[in-house]
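Structure first, then comments.
All values below come from the heavy atoms of this structure, side chains included, with hydrogens, waters and symmetry mates left out. Predicted model, so just to flag it, every value in this text is computed and none were measured. Positions are given from 1, in the same order as the sequence printed here.
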Amino acid sequence: MTKRLAGAYLALVGAAVAVHFVIDPLIYDTEWEDGVPVAWIVLDWLMALGLAITLFVTFEAKRAADAGSDLREYLVANVQFYVAAGLTLLFLWNAVQIDWAAGDQTPDSQVWVFIDVVLPLLFVTLGLRLWNEAEM
């Protein structure tokens with residue numbers, strides 16, 4: 001049940017980020033003078049929780065695959081874990097700059113573009129795998 005819940009959460013958050021990323025230019029002005037739109041702030045918190053879940057799940061899969069002999073499983077587990085770890089570092093680095101940066105730092109919009117493209121790919125594929133692996 002926990003795997004199915006985590007899988008559903010990751011797949012839904014990944015899909016929401018992907019959809020919102022695509023429609024973003026259609027619903028917001030080109031510049032955000034008034035600050036970050038509320039939808040992105042909510043998605044940021046959902047992504048942060050999803051990244052924590054993803055790090056845990058992919059680390060456990062990596063540990064199991066590192067002890068096994070299946071090359072495909074080893075590669076999938078390691079790639080997913082290191083992509084999740086890299087995304088988490090980029091996400092935290094950029095998110096901290098929104099409100100808590102020292103000095104004149106501002107989040108890098110190109111880093112957000114990278115995160116908003118790669119994160120849904122990771123979340124949806126991992127979420128669907130967890131959903132399918134879960135026992136009813």
Side-chain angles (χ1 to χ4, degrees):
M1 180 65 172
T2 305
K3 269 189 176 183
R4 193 164 282 244
L5 186 60
Y9 180 84
L10 291 175
L12 290 172
V13 170
V17 170
V19 168
H20 195 71
F21 175 72
V22 170
I23 65 170
D24 180 274
L26 303 173
I27 59 177
Y28 301 120
D29 292 337
T30 56
E31 296 295 324
W32 295 341
E33 290 91 16
D34 300 332
V36 178
V38 174
W40 275 123
I41 293 171
V42 170
L43 284 172
D44 285 348
W45 284 104
L46 295 174
M47 287 189 285
L49 177 59
L51 283 166
I53 293 168
T54 301
L55 278 173
F56 176 76
V57 169
T58 58
F59 180 74
E60 290 300 316
K62 178 187 175 330
R63 255 185 22 179
D66 287 350
S69 62
D70 184 6
L71 179 62
R72 182 182 183 281
E73 183 182 332
Y74 173 84
L75 290 174
V76 168
N78 277 273
V79 167
Q80 283 185 333
F81 172 73
Y82 288 113
V83 167
L87 279 176
T88 301
L89 290 172
L90 283 172
F91 178 87
L92 292 174
W93 176 75
N94 229 26
V96 163
Q97 294 184 46
I98 293 173
D99 288 325
W100 304 304
D104 252 355
Q105 299 177 39
T106 57
D108 186 338
S109 62
Q110 293 306 308
V111 171
W112 282 124
V113 168
F114 179 81
I115 292 168
D116 294 339
V117 169
V118 176
L119 183 136
L121 299 173
L122 177 64
F123 276 21
V124 172
T125 56
L126 183 58
L128 293 176
R129 191 187 85 213
L130 289 173
W131 180 271
N132 291 331
E133 286 177 359
E135 294 179 18
M136 288 299 273

Connected to Y74, directly or through other members, by ILVMFWY side-chain contacts below 4.5 Å are L71, L75
For residues 119-129, the side chain to side chain donor-acceptor pair (under 3.5 Å) pairs (sequence neighbours left out) are Q80-R129, R129-E133
Inset, instruction - Would you kindly confirm whether L12 and I53 end up in one hydrophobic cluster when ILVMFWY residues are joined by side chain heavy atoms under 4.5 Å apart? - result: no
- prompt: Do you reckon F91 sits in the same ILVMFWY cluster as V83, going by side-chain contacts under 4.5 Å, direct or chained?
  reply: yes
Q) Under a 4.5 Å side-chain heavy-atom rule over Ile, Leu, Val, Met, Phe, Trp and Tyr, are I41 and V111 clustered together? A) yes
Hits for side chain to side chain contact (heavy atoms under 4.5 Å, CB included) against A16, two or more places apart or cross-chain, chain-then-number order -> L43
May I have the list of side-chain donor-acceptor pairs in residues 113-124 shorter than 3.5 Å, sequence neighbours left out?
none

Residue set satisfying side chain to side chain contact (heavy atoms under 4.5 Å, CB included) with N132, at least two apart, ordered chain then number -> none
Residue set satisfying salt bridge (charged side-chain N to carboxylate O under 4.0 Å, His left out) with E60, at least two apart, ordered chain then number -> R63
Check your understanding: Is it the case that one hydrophobic cluster holds both L90 and W112, taking links as side-chain heavy atoms less than 4.5 Å apart, direct or via other members?
Key -> yes
By ring pair (Phe, Tyr, Trp, His ring centres under 6.0 Å), Y9 pairs with (sequence neighbours left out) none
When rounded to the nearest 0.5 Å, the distance separating CG of L87 from CG of L92 is 10.5 Å
Between the CG atom in L5 and the CH2 atom in W131, the distance rounded to the nearest 0.5 Å is 9.0 Å
So CG of L130 and NZ of K3: to nearest 0.5 Å the spacing works out to 6.5 Å
Members sharing F81's hydrophobic cluster, built from side-chain contacts under 4.5 Å between Ile, Leu, Val, Met, Phe, Trp and Tyr, are L55, F59, Y82
Would you say L10 ends up clustered with V79 if hydrophobic residues are merged whenever their side chains have heavy atoms under 4.5 Å apart, either directly or through other cluster members?
yes
Rounded to the nearest 0.5 Å, the CH2 atom of W45 sits from the CG atom of L49 at a distance of 10.5 Å
